[in-house]
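Okay, so here's the structure we're looking at.
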Amino acid sequence: MKKSIIIIISLIAGTGILAFFGFAYLFFFLGMEPIPSRTHQLDDLHGTQTVEIQARDDQKHIHGLLLEVHGNISDSLTFTFGVNDSTIYRTVQLTPGGVDFKYNADWYSTLCFVTFEPTTDSIDGELQVEYKFFGD
């Protein structure tokens, strides 16, 4: 008898906890307006190019960045990004062929400078930079 009461109480408590987190998920995450991503297309990859991406004007207190680079390139390319055009946060060597790079982590600036530097001038291809800042 005592065991069955403990089992019933455990089931009720477990159901209550699941319901709480389910409502929290619906209220906090699904109730929020989705943040649309933005894109920047690079059709001419000759020479070094720096793209300044920024959060929307209504976004304050930035705490995250989703940065994706997709496309095809015929030669190697160095890709860097940072909070300004002289401070590099990360350097990535992109190799010839299909490009599928994704960065999704903490970021505390409304700006990000993305630089593409080909290893040769004979590079062909195109890249698409897709980004989304997260904040209040």
Checklist entry - Do W107 and F134 make the cut of ring centroids closer than 6.0 angstrom? => result no
Next on the checklist: What's the separation between atom CD in E126 and atom CG in L42, rounded to the nearest 0.5 Å?
Outcome noted: 9.5 Å
Item to check | ILVMFWY cluster, Y89 and L94 together (side-chain gap under 4.5 Å) | outcome: yes
Next on the checklist: Measuring from atom OG of S122 to atom NE2 of H46, what distance do you get when rounded to the nearest 0.5 angstrom?
Outcome noted: 7.0 Å
Checklist entry - Where do T115 and Q49 land on the side-chain contact (heavy atoms from CB on, under 4.5 Å) test, with the steps shown first? => result CA-CA 6 Å; T115 302; Q49 297 183 49; over 6 Å; no
Item to check | Test of ring centre spacing under 6.0 Å for F79 and F81 | outcome: yes
Next on the checklist: Is there a side-chain contact between L45 and D124 in this structure, where contact means two heavy atoms from C-beta onward sitting under 4.5 Å apart?
Outcome noted: no
Item to check | Pair Q59-D57, side-chain donor/acceptor within less than 3.5 Å | outcome: no
Next on the checklist: Can you tell me how far apart OG1 (T39) and NZ (K132) are? Round to the nearest 0.5 Å.
Outcome noted: 12.5 Å
Checklist entry - Hey, what do you get for CZ (F101) to OH (Y103), rounding to the nearest 0.5 Å? => result 8.5 Å
Compile the donor-acceptor pairs under 3.5 Å between side chains in residues 61-69 and protein atoms, sequence neighbours left out, one pair per line.
from: E68; atom 1: OE1; to: H70; atom 2: NE2; distance (Å): 2.7

Checklist entry - Do I53 and F133 touch side chain to side chain, with heavy atoms closer than 4.5 Å? => result yes
Checklist entry - Less than 4.5 Å apart, any side-chain heavy atom of I73 and any of I123? => result yes
Next on the checklist: With no hydrogens and no angle check, just 3.5 Å: does a side-chain donor-acceptor pair link T78 and E117?
Outcome noted: no
Checklist entry - Applying the 4.5 Å side-chain criterion to the ILVMFWY set and letting contacts propagate, would V99 and V129 be lumped into a single cluster? => result yes
Next on the checklist: Tell me whether T119 contacts the main-chain N or O of S76 through its side chain, where contact means a donor paired with an acceptor under 3.5 Å.
Outcome noted: yes
Next on the checklist: Test your reading of the model: is there a side-chain donor-acceptor pair from R38 to the backbone of Q54, 3.5 Å cut-off?
Outcome noted: yes
Item to check | Partner residues of D58 under the salt bridge (charged side-chain N to carboxylate O under 4.0 Å, His left out) criterion, sequence neighbours left out | outcome: R56
Next on the checklist: For the residue pair T80 / T91, report whether a side-chain donor-acceptor contact shorter than 3.5 Å exists.
Outcome noted: no
Checklist entry - Any side-chain heavy atom of P118 sitting closer than 4.5 Å to one from L77? => result yes
Item to check | Shared hydrophobic cluster, V51 / V92 (ILVMFWY, side-chain heavy atoms < 4.5 Å) | outcome: yes
